[in-house]
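Atoms considered below: every heavy atom in the structure, side chains included; atoms not considered: hydrogens, waters and symmetry mates. In the text below, chain A, chain B and the rest are named by the order of the sequence lines, each starting its count at 1. Since the structure is predicted, the reported quantities are computational estimates derived from the model, not experimental observations.
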There are 2 protein chains.
Amino acid sequence: MEIGFKGKFTHTIDHKGRVSIPSTLRRTLPRKASQAFVVMKGLDGCLFLYPRSEWESVQRRLKGLPFWKADTRRFSRIFLENAYDVEIDSQGRIKIPQELLDVAKFKKEVLFLGVLDRIEIWNPRVYSKYQSERKGTLEEAAERVFVPREEVAD
Amino acid sequence: MEIGFKGKFTHTIDHKGRVSIPSTLRRTLPRKASQAFVVMKGLDGCLFLYPRSEWESVQRRLKGLPFWKADTRRFSRIFLENAYDVEIDSQGRIKIPQELLDVAKFKKEVLFLGVLDRIEIWNPRVYSKYQSERKGTLEEAAERVFVPREEVAD
DNA sequence: CCACAATTCCCCACTTTTTCCCACCCGCGC
DNA sequence: GCGCGGGTGGGAAAAAGTGGGGAATTGTGG
């Protein structure tokens, strides 16, 4: 069965950069799934946390790009320079690399969002700012999101 | 599972030309992997560091190029004249040949980037200049990576 | 072939960071 | 109350990163 993270949880980062993964999200993983994740700088100011299995397909995509093109190299670097392997420890926590703590402006409290194949980690303030800056109701957004591709005039 | 280096790390070169390979990157290698690498002049102003196993395929790719073309010959020569075998010592360090220290303009600090099948080593200033010279955002990179292939118009 | 200098190699040493483990707190159900 | 799972904190041990000395090796000139 396919992974589908969902829900919102608030946890705290300790001064060593460790934070517990919400147990609800952990339980979403297949039993046999490894404790391995990849955490990377995400879009809109959050971090993306991928189970290693999901990351594999991202990596395959990257490897498929034409290495001899300058743009490919640039984008691969941008993409990978903020990606790190992390493992869940015996307490159910991961350690977020210092680089990423800075990138995502994490203080003490962080927000976990389950978003299908990935978990997002936000500074709560950044998230509420993100949502409030985007005026428009859920209903309007839904219209844009669900319009079939071929109807999108460009 | 396939090798996929990732992440960004800053280390220092000592006055003997030695530098530690970030242990995180070392751990990306399979246990049985040898301590042997090939370091060479890379593209865009950095050095490429390939595990010997990955180097094999680079070498195969070079061999596959049409050597009767002038460009191929020039290209191969530039790469190979600046390629050296290096081994990780008992402290987890490699010694970078003087030639390459000059080529890559290394002072004291260097930046390691994990980029899939290779590790790149940069002068930090050269790297930030490289990335600032042309616009390129994570959002754009994400498009390359995540957009289904057929939709990428070329 | 030897003497000498320069470079490399192989350890050891020290500091900082990371990892591992234990302990506690809190809410909940029995 | 008591046990249990989930979340948080901290100390000790281990690993990582850096520097340096001295033996071994290489290269050069006599």
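- Within a 6.0 Å radius of CZ in A:Arg134, other residues, nucleotides and ligands contribute more than 12 heavy atoms.
- When rounded to the nearest whole Å, the span between CD of A:Gln35 and C1' of C:dT19 equals 16 Å.
- The distance from atom CD1 of B:Ile21 to atom C1' of D:dA16 is 13 Å, rounded to the nearest whole Å.
- Rounding to the nearest 0.5 angstrom, the gap separating the NZ atom in A:Lys6 from the CG atom in A:Leu113 is 13.5 Å.
- With DNA chain D read from its 5' end, the first of the two nearest nucleotides for A:Ser23 and A:Arg18 is the one closest to A:Ser23.
- Residue B:Leu101 is not grouped with residue B:Val38 when hydrophobic side chains (ILVMFWY) are merged at heavy-atom distances under 4.5 angstrom, including chains of intermediate members.
- The nearest whole Å value for the distance from the CD1 atom in B:Ile88 to the P atom in D:dG17 is 11 Å.
- Checking A:Asp89 against B:Arg93, the closest nucleotide of DNA chain C that is more toward the 5' end is the one next to B:Arg93.
- Of the candidates D:dA16, D:dT18, D:dT8, D:dA16 carries the atom nearest the B:Arg27 side chain, counting heavy atoms from C-beta on.
- Between the NZ atom of A:Lys95 and the P atom of D:dA15 there is a distance of 18 Å, rounded to whole Å.
- Within a 6.0 Å sphere centred on CD of A:Glu143, other residues, nucleotides and ligands contribute 12 heavy atoms or fewer.
- The side chain of B:Ser20 has D:dG17 as its nearest neighbour among D:dG17, D:dG19, C:dA23.
- Taking atom OH of A:Tyr84 as the reference point, atom C1' of C:dT18 lies 15 Å away to the nearest angstrom.
- Less than 4.0 Å separates DNA chain C from at least one heavy atom of each of the following residues of residues 5-16 of chain B: B:Lys16.
- Atom-to-atom, CD1 of A:Ile94 to C1' of C:dC20 comes out at 17 Å; the value is rounded to the nearest Å.
- The separation between A:Glu87 atom CD and C:dC20 atom C1' is 14 Å, rounded to whole Å.
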Annotated protein contacts, base or backbone, on nucleotides 25-30 of chain C with a non-hydrogen cut-off under 4.0 Å, one of B, S, - each: ------
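- Every pair tested for ring-ring contact (aromatic ring centres under 6.0 Å, His included) that includes a residue from residues 86-109 of chain A fails, sequence neighbours excluded, so the list is empty.
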Would A:Arg52 and A:Glu87 count as a salt bridge (charged side-chain N to carboxylate O under 4.0 Å, His left out) here? Give the steps. CA-CA 10 Å; A:Arg52 197 88 104 227; A:Glu87 309 241 337; 3.5 Å; yes
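- Under the 4.0 Å criterion applied to side-chain N and carboxylate O atoms, B:Asp89 and B:Arg18 are not assigned as salt-bridge partners.
- Rounded to whole Å, atom C1' of D:dG10 lies 12 Å from atom CD of A:Gln91.
- A cation-pi arrangement is not found for B:Arg118 relative to B:Phe37, the charged atom failing to lie both closer than 6.0 Å to the ring centre and inside a 45° cone about the ring normal.
- Put simply, the residue from B:Phe9, B:Phe48, B:Tyr127, B:Phe112 that forms a ring-ring contact (aromatic ring centres under 6.0 Å, His included) with B:Trp122 is B:Tyr127.
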